[in-house]
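Keep in mind that what you see is a predicted model, and the values were worked out from it rather than measured. Proteins come first, then strands; the chains are lettered A, B, ... in the order of their sequence lines, and each starts at number 1.
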Amino acid sequence: MESGAIRIEELLGGFDLQSTVESGQSYLWRRADGRMYESEPAYGGSAWYHTVVDGEALRVRQVGGPREGTLEWESTGDGAALLTDLLRLDDDLAGIRRRSPEDDLVRRAYDAFEGMRLVRDPPFGTLVSFICSAQMRVARIHGMVTALAREYGDPVGFAGPGDDGAGTYYGFPAPERLAGATEAELRDLGLGYRAPYVVETARMVADGEDPAAAADLAYEDAREHLTRFVGVGDKVADCVLLFSLGFLEAVPLDTWIRTAIEDHYPGCERGTYRETSRAIREQFGGDVAGYVQTYVFNYLRTR
DNA sequence: TGCCAGGCGGATT
DNA sequence: AATCCGCATGGC
């Protein structure tokens, strides 16, 4: 096992671990104490969080604040490289904020979650997570994804300081494993009407349709391309583009953002997803619009 | 109790 | 192309 530390002072614009992994962007991290989404934003409490990527286990906690704290990590692999990739530690967050609009809502959202970064999660786990997200609260989405990992994922033994004491983490299942599940099994895990969508999309990916292939396309073509997967419309496609494939201009139009448009940017409502998306993307700063969206989403959601 | 949650697929018009 | 409808399920 390797371990190390990253000084947050060295990251442009700081970092806050809790708001990054508990803001409904990623459902692939878990808290050792099991208290995801329970504690207040900016509390943190130096909780350990863990994930598994490509068979490598990684856990991390933040000691101190979003400007002068330290990220302590332990991993079966190169923890520093994994963290930098997964949590976008190389983004210039201060620069991104400078390129964001200055209205009251955006300012309040940035101030409420100082140091929150976007994530760069693996494509298949992100795709399935957001298929599960339809008409569902974030804590329950996290519960569904956790159940899928527990039932179909590969365990990685990793003893240490985690409060769960189990020392076994589960990676998100490979497409072939979920493709082999039955709709009834997934319904028993609480997926409801999303169960057949997950099975069918897993089959498509197992048969060679790679969601990551969208990364080579222009933004709107990439969004259209991802809707080929079952259970994936424009909104879920935007989530995959933003939280996995690095399209920072993507603005998922979910219920919270649609409310924000009604209340704060009524001129951006254009009647169709495509045109409303273009308008709010412009309003939110173009190539940093996805960052603005995620701050506003989390701010409104947790009020 | 009814309403809502990071919507989508399918049928109808 | 736009609109309507059905769909699971737990929390408030």
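- Nucleotide C:dG11 holds its P atom 12 Å from the CE atom of A:Met144, rounded to whole Å.
- Among the atoms of the strands shown, only primed sugar atoms or phosphate atoms (P, OP1, OP2) are found under 4.0 Å from some heavy atom of A:Gly231.
- When rounded to the nearest whole Å, the span between CG of A:Asp234 and C1' of B:dC8 equals 11 Å.
- Using modelled atom types, one finds no donor on one side chain facing an acceptor on the other under 3.5 Å when comparing A:Ser75 with A:Glu2.
- Atom C1' of nucleotide B:dG7 and atom CD1 of A:Ile257 are separated by 15 Å, given to the nearest angstrom.
- Side chain to side chain, A:Tyr291 and A:Ser100 fail the donor-acceptor criterion of an N or O pair below 3.5 Å.
- In this structure, CZ of A:Arg194 is placed 9 Å from P of C:dT9, rounded to the nearest angstrom.
- Taking side-chain N and O atoms only, A:Arg187 has a distance below 4.0 Å to OP1 or OP2 of C:dA8.
- Taking only side-chain nitrogens and oxygens, A:Gln135 never comes nearer than 4.0 Å to OP1 or OP2 of B:dA5.
- Results of the side chain to side chain contact (heavy atoms under 4.5 Å, CB included) test with A:Asp121 over A:Val53, A:Asp85, A:Thr126 single out A:Thr126 as the only residue that passes.
- Remark: aromatic rings of A:Tyr27 and A:Phe130 are close, center separation under 6.0 Å.
- Across all strands shown, A:Tyr273 has no heavy atoms under 4.0 Å from either base or sugar-phosphate atoms.
- Here the nucleotide nearest the side chain of A:Arg140, chosen from B:dC8, C:dT9, B:dC4, is C:dT9.
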